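In what follows, a single structure is set out as structure tokens and then discussed.
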2 protein chains.
Amino acid sequence: MWEEILARYLNEKRLKKSAKRERIIKFFFKVDKHLNVDELYEKLGKKVSRSTIYRTLKLLTKCGLAIEQKFEEKNRRYEPAHLSHHDHFICLKCGEIIEFNDKKIENTQNKIAQKYNFKIVSHKLEIYGYCEKCQKG
Amino acid sequence: MWEEILARYLNEKRLKKSAKRERIIKFFFKVDKHLNVDELYEKLGKKVSRSTIYRTLKLLTKCGLAIEQKFEEKNRRYEPAHLSHHDHFICLKCGEIIEFNDKKIENTQNKIAQKYNFKIVSHKLEIYGYCEKCQKG
DNA sequence: AATGAAATTGAAATTCATTTTCATTATTAT
DNA sequence: ATAATAATGAAAATGAATTTCAATTTCATT
């Protein structure tokens, strides 16, 4: 669970607890999908500064609980790490991001990596195109 | 060939030819791999301003001859479009980017897309980890 | 060749996301 | 309670990408 991992990390680094940080992190894991700083700022009622949100997301990234992502947008997104094996369909019309997961793709990746003697740590697969709605519309 | 596509585009948009632009574009296709603006600036002997390089790469992107890419670096890279079906291994230690190509992966992607009724236009696959050298070193 | 309208260029200014600084406030160990 | 140190927010700094603007270049039309 993220609570324990976080607690262990804070302890190890001699960091202190704080209400703001907890609020951000709890919300982040409650929503449980990729978010950017502005979305968090808005959805937390602008009660926590962007600086603190940035710092908190960096912290989560450092202790392995979140993953930084760059889609073809100007700004970064963060995703709870337990979702990070998901891949994404991204609709070029409406911008919707659909998460999916497929074992076959991972197997194929492993085979190719072997061929290149590359040791895989993680991967990112984004498929761009048109979602069901936008094909009709 | 890119020459014709470019010529047609310039003509269509009533744009003019220029020596600087040609130099950038020729070099870009001669090197024939992903580059960022700074690398182009250096390798062109700092004879063309960054503004112009940015503008030229945007132009190439618009006429479909280049693809903008965002790896997990601060700045963008551009890649000749004919390479853009390549996928990438990215070494987390030395930063090397190895291009590869595999039909199996594309087949699998197509099957999944069907399941989700998603119409694929393009995709981006980046595999992070350690290259052969860095596993040993 | 000469003209002029429109595109191109580079330098500097601007934008915008992110990071850092710094003075103030909150937390925690003693 | 005190002292030490971390957390916070506002503002400043950073850095990549874009835009502005005056000067230059291109090119279609004389």
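Since this is a predicted model, take the numbers as computed values, not measurements. A note on names: the letters A, B, ... follow the listed sequences, proteins ahead of strands, and every chain is numbered from 1.
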What is the separation between atom [atom1] on [X] and atom [atom2] on [N], rounded to the nearest whole Å?
X	N	atom1	atom2	value
A:Q69	C:dT18	CD	P	13 Å
A:D38	C:dC16	CG	C1'	11 Å
B:N75	D:dT14	CG	C1'	14 Å
A:L6	D:dA7	CG	P	11 Å

Compute whether any side-chain donor of one residue and acceptor of the other, for A:H34 and A:Q69, lie under 3.5 angstrom apart.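 Absent: no donor and acceptor within the cut-off.
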Closer to the 5' end of DNA chain D via nearest nucleotide, is it B:E68 or A:V48?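 Nearer the 5' end of the strand: A:V48.
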Can you check whether B:R14 has a side-chain N or O nearer than 4.0 Å to OP1 or OP2 of C:dA7?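 For C:dA7, OP1/OP2 do not have a side-chain N/O of B:R14 under 4.0 Å.
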Does a nitrogen or oxygen in the side chain of A:R76 sit under 4.0 Å from OP1 or OP2 of C:dT19?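 For C:dT19, OP1/OP2 do have a side-chain N/O of A:R76 under 4.0 Å.
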Counting only pairs under 3.5 Å, give me each side-chain donor-acceptor contact of residues 93-100 of chain A, with atom names and distances, residues two or more places apart or in other chains.
{"unit_1": "A:K93", "atom_1": "NZ", "unit_2": "A:G137", "atom_2": "O", "d": "3.3"}
{"unit_1": "A:E99", "atom_1": "OE1", "unit_2": "A:H86", "atom_2": "ND1", "d": "3.1"}

Close side-chain approach of A:L60 to A:Y78, heavy-atom, < 4.5 Å: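 Not in contact.
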Sort out the partner of D:dT20 for me: Watson-Crick or G-U wobble, both distances under 3.5 Å, none otherwise.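 Paired with D:dT20, as far as the under-3.5 Å criterion goes, is C:dA11.
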Under 4.0 Å between any heavy atoms, over every strand shown, what does A:K70 touch: base, sugar-phosphate, or nothing? Just pick one.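 The answer is nothing, as A:K70 stays clear of every strand by at least 4.0 Å.
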Using modelled atom types and a 3.5 Å cut-off, is there a donor and acceptor pairing between side-chain atoms of A:N11 and backbone atoms of A:A7?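 Side chain of A:N11 to backbone of A:A7: no pair is present.
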Indicate yes or no: does A:E79 engage A:R77 in a salt bridge with an N to O separation below 4.0 Å.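 Salt bridge between A:E79 and A:R77, a charged N being under 4.0 Å from a carboxylate O: no.
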Sugar-phosphate or base contact per nucleotide [nucleotides 20-28 of chain C; S, B, -; heavy atom under 4.0 Å]: BB-----BS
Assign the ring pair B:W2 / B:F29 to parallel, tilted or perpendicular, where the plane angle (0 to 90°) is split at 30° and 60°.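 Answer is parallel, since the angle falls under 30°.
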